[in-house]
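Okay, so here's the structure we're looking at.
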Amino acid sequence: MSGAPVAAETVESERLLLGLNPAQVEAVTAPDQPVLVLAGAGSGKTRVLTHRIAYLIATERAREDSVLAVTFTNKAAREMRSRLAALLGGEPRGMWLGTFHACSARMLRLRGELGGVPRDFVIYDEADRVSVIKEAMRRGGVEEKRTSAATVAAEISRAKNDLQDALLYGARAQGYVEVQVARVFPHYQLILEENRALDFDDLLLRAVQLLENSEEARQGFRRRFGHVLVDEYQDTNRAQYMLLRLLVEEHHRVTVVGDPDQSVYSWRGADIRNILEFQRDYPDALVIPLEQNYRSTAAILRAAGAVIQENSLRVEKSLWTDGPEGSPVTVAQFYDEREEATAVAREIMALVERGEAELGEVAVLYRTNAQSRSFEEVLLRAGIPYRLVGGVRFYQRKEVKDVLAYLRLLVYHQDRVAFERVVNVPRRGVGAQSLQQLVAASQELRVPFWELLSDPASAGVRGQAAAGMARFASTLEEVYEWGLSWPLVQVFDRLVEATGYRGFTRDGSPEGEERWANVMELRGLAAEQGDLPMAEALPAFLEQVALAGDGDQMEDGARAVTLITLHQVKGLEFPVVFVSGVEEGLLPHSRSLDTVAEMEEERRLLYVGMTRAKRLLYLSHCFQRHLYGSPKVAVPSRFLAALGSGGAVARWGTAPDRGGARPYVAPVASHGQPAPLMRARQFIDERAAAPGRSVPTEARFRAGDRVEHARFGKGSIALSEMTSGGEEVVIDFDTSGRRRFAVTDAVLRKLG
DNA sequence: AGGAACAGTTTTTTT
DNA sequence: AACTGTTCCT
C-alpha cells in the first residue's frame with residue numbers, strides 16, 4: 001500500500017529530470033543548502049529554476065505555498081509562472097512569485113504596520129517622485145539651477161538602495177552634491193509621508209527595515225518561506241541582498257541563479273559583488289556552472305566570447321555548443337542612422353523573402369530609446385509591422401497618468417501629487433496662485449487640503465478658482481459615492497465622463513483619438529478586475545499598475561519585428577538579431593567612459609545583445625549620427641576590435657546584399673581616442689564607391705503591374721513616377737485602398 | 001488664469 | 001528635435 005505513492009512520486013520527480021544535462025540535473029536536485037547556479041547565456045537557467053521548484057515540490061521537500069521565487073521583471077515572473085503551471089499541472093497555489101518590488105510591497109501590505117508603514121500607502125512612480133523632489137528642493141532651499149532634480153532623485157535612490165535613510169545619509173554626506181541632497185532628503189521623506197506614499201526604493205528599504213526591526217515580522221516570513229529562489233542574482237542591489245539574507249539566515253535554503261557577464265544594472269545600484277562573493281556569504285554553498293549553450297550558433301558564441309573575454313572583472317567561464325557553426329557574424333557600417341535603418345529594413349525583407357526568417361523572429365537592438373525613432377520611421381513607411389518595447393511607455397503617457405491620478409484620488413484623498421496633476425485638467429480655472437493658497441491654508445488651519453476643497457472660500461480661495469475646486473471635489477465625491485457598489489469599469493466610465501476628461505481628450509483631432517484609444521486601453525486593464533466592487537478592485541488595480549512598468553502590456557509572438565533596448569532584451573532570444581549603433585559614445589555610452597567598471601558594464605551590454613541571437617547576428621555602426629538634432633561624427637566602437645577579422649564579414653553601403661559582402665576588419669579607435677577625421681573621410685569615400693549607393697533612375701513599375709506589399713498585401717500599381725529621390729508609386733490595394741510609397745522604402749514584390 | 005513666445009536643457013539603461 | 005520652465009501679454 002505504501003509503495004505505490006512513493007513509486008508514483010519517484011516517477012514524477014524523475015520525469016522532471018528528463019532532457020536535462022548533467023549540470024542542470026545537479027542544480028535541480030541539489031540538497032537543501034545554498035546553491036549558486038552560474039548560468040551562462042542560453043544555458044537554460046529558467047528551465048533549471050522552474051524544474052528545481054517543481055522538483056522540490058514533487059519530492060515533498062517544499063510545499064507550493066512555502067516557496068518564494070523572485071525575479072527582476074514582471075515578464076520573467078509571468079514566464080516562470082506559466083512554465084511552472086505546465087510542470088505542476090496547474091497554477092502554483094499560494095506561492096509567492098514576483099519581482100523584488102512586488103514581493104516587498106506584498107510584505108508591507110501584510111505586516112507593514114509593524115514597521116510603521118501605513119496599510120493604505122500609495123506607490124509613487126518616477127514622475128510622481130520627481131515632482132515631490134522639486135517640492136522638497138523648494139522647501140530645502142536647494143536651487144534646481146545648481147543641482148538638478150534628476151541628480152537629487154538619482155542620489156536619493158542610490159542611497160536607499162544602499163540602505164541609507166535620510167538620517168544616515170545626512171550624517172555621512174560629504175562634498176557639495178551630497179550636502180545639497182542631504183538638505184532635500186528629509187523634506188522629500190516628509191512629503192512622501194504626508195501623502196502616505198512610498199517610492200520604488202522605499203518598497204525594498206522599508207521591507208528590509210521591517211525584517212530587521214520587527215521580531216514578529218521576521219519570524220513570520222522566515223517560517224513562511226521554506227525555500228527562496230532568485231533569478232538574475234547578478235543584478236541585486238544591497239537592499240535586495242539584505243532582504244534575502246534576512247529571509248534565509250536561519251535555514252539557508254536559498255538558490256540563486258545568475259551570470260556575472262550579464263550584470264548591466266549597476267546604475268540602479270546592482271552590485272556585481274553580490275554574486276561574486278556568494279561563496280563568502282554562504283561558505284556551505286554549492287556552485288554549479290552551466291556552460292552548455294542551447295541557443296546560438298558556434299559562430300555567434302565565438303564572437304560573443306571574444307568580446308566578453310576582454311573584461312577583467314569576471315568569473316572565467318566559456319560557453320560551448322554542440323550545434324552547427326552557422327553563418328558568420330556580420331559587421332556593417334552605414335552613412336547615418338537613417339541609412340542604417342533602411343538597410344536593416346531591407347535586409348529583414350530579404351530574409352523574409354528568401355524564407356530565412358519571419359518578421360516575428362527578428363529583433364533590432366539599441367542602446368538608447370532615442371535610437372528607435374529612425375527604425376520606426378523607416379519601418380512605418382515600408383509598411384513592415386513592428387512592436388516597440390518600452391520607449392514612451394504606456395503608463396507614462398499623459399492621458400494614462402491623468403486618468404490614473406483621478407483614480408488614485410478616489411481612494412487616496414491625501415495624494416497631493418495626483419491632486420495637483422488633475423485639479424486643472426481639463427481647465428477649471430485653478431492656477432498656481434490658488435493652489436498655493438489652498439496648501440498654505442491647509443497648513444495654517446491644520447486641516448487636510450482635501451477637506452477644504454468643498455468649501456474653498458474657507459481657505460481664502462476666491463473667484464473661478466474656488467468654483468473650480470468645489471466642482472472638482474463634488475464631482476469626485478459623487479463618483480465615489482455612486483461607485484462604491486459598482487465594478488471598476490463602470491466607475492471608470494463615469495469618472496472620465498463626469499470630470500469632462502473624455503470631452504477634453506477627444507478634441508476631434510487624430511491625436512485626440514489616439515489619446516482616447518490609450519484611455520480605453522487602460523479601461524480594458526481596469527475591466528480585468530471583473531465584478532469586484534470598486535472598494536476592493538481599485539486599490540488592487542492601482543497596485544498592479546504601479547508595479548507593472550516596462551513593456552509588460554506588449555503581447556509576444558506578434559508577426560512583427562521587435563524594437564528593444566539592450567537592457568530590456570536581457571532574458572529574451574531571437575533567431576535574427578541586429579545590434580545597431582555599435583559606436584563610441586553610444587556603446588560604450590559617453591557617460592560610461594570614466595571608469596573601468598563602467599566600461600566593462602558597457603561591454604557586457606553588447607555581450608547580452610549578441611547572445612540573444614540564435615542564427616543570425618548583425619552589428620552595425622554609422623559614420624554619422626544625429627545627437628540632439630545635429631549631426632555628429634560617429635566612430636566604430638572599441639568593442640568591435642575583439643572581433644578582428646576572424647570570420648566577421650562586413651557589408652558596406654545602404655543596400656547590403658550577399659554578393660557585395662567582403663572581408664572587413666573593423667576600424668577601431670585606440671583607447672578613448674576618437675579616430676582622426678582622416679579616417680572618417682576614408683569612410684565616406686568607400687561608402688560612395690560601394691555598390692547600391694546610386695539613386696535608381698529607371699522605374700521598376702508601370703501602371704497596371706500587380707504587386708505584393710509586405711504589410712498591405714496584393715494590389716495594382718495605379719501610378720509610377722520618378723522623383724529626385726527615386727521612384728514613387730501609388731498602389732490600389734485589394735483590401736485596404738489607395739496608398740503612396742517611395743519604392744526605395746516600401747517593400748514590394750512584383751507578381752506574375 | 002491662461003496662452004504665446006522664448007530660452008535652455010536634454011538622452012543611458014528601469015522596478 | 002522635443003520637452004521644460006520662464007516671461008510677457010491678453
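Being a predicted model, the structure only gives us computed values, none of them experimental. Below, read A as the first sequence line, B as the second, and so on, with proteins coming before strands; counting in each chain starts at 1. In what follows, every heavy atom counts, from backbone to side chain, and hydrogens, waters and symmetry copies are set aside.
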inquiry  = So A:Glu126, base contact, sugar-phosphate only, or nothing? Heavy-atom distance under 4.0 Å.
reply    = base
ask   = So what does A:Phe72 hit on the nucleic acid, given a heavy-atom distance under 4.0 Å: a base, only sugar-phosphate, or nothing?
value = sugar-phosphate
ask   = Which nucleotide sits closest to the side chain of A:Arg427: B:dA1, B:dT11, B:dG3?
value = B:dG3
query = Closer than 4.0 Å, any side-chain N/O of A:Asn369 to the OP1 or OP2 of B:dT14?
reply = yes
query = When all nucleic acid strands are considered with a 4.0 Å heavy-atom cut-off, which category describes A:Asp125: base, sugar-phosphate, or nothing?
reply = nothing
task = Decide, applying a 5.5 Å centre-distance limit and a 30° plane-angle limit (both strict), whether A:Trp267 stacks on B:dT13.
result = yes
task = Would you mind classifying the nucleic acid contact of A:Ser434 as base, sugar-phosphate or nothing, using non-hydrogen atoms under 4.0 angstrom?
result = sugar-phosphate
request  = Mind telling me whether A:Phe225 and A:Trp96 have parallel, tilted or perpendicular rings, with 30° and 60° as the class edges?
outcome  = perpendicular
Distances under 3.5 Å only, N/O to N/O: pair up the protein atoms with those of nucleotides 1-4 of chain C.
{"unit_1": "C:dA1", "atom_1": "O3'", "unit_2": "A:Arg373", "atom_2": "NH2", "d": "3.4"}
{"unit_1": "C:dA2", "atom_1": "OP1", "unit_2": "A:Arg373", "atom_2": "NH2", "d": "2.9"}

query = OP1, OP2 of B:dT14 versus side-chain N and O of A:Thr565: anything below 4.0 Å?
reply = yes
message = Applying a 4.0 Å non-hydrogen cut-off, can you work out what A:Val264 is touching in the nucleic acid: base, sugar-phosphate, or nothing?
response = nothing
Side chain of A:Phe200 (C-beta onward), nearest among B:dT11, B:dA1, B:dT15 = B:dT15
C1' gap between C:dT4 and B:dT13, integer Å = 22 Å
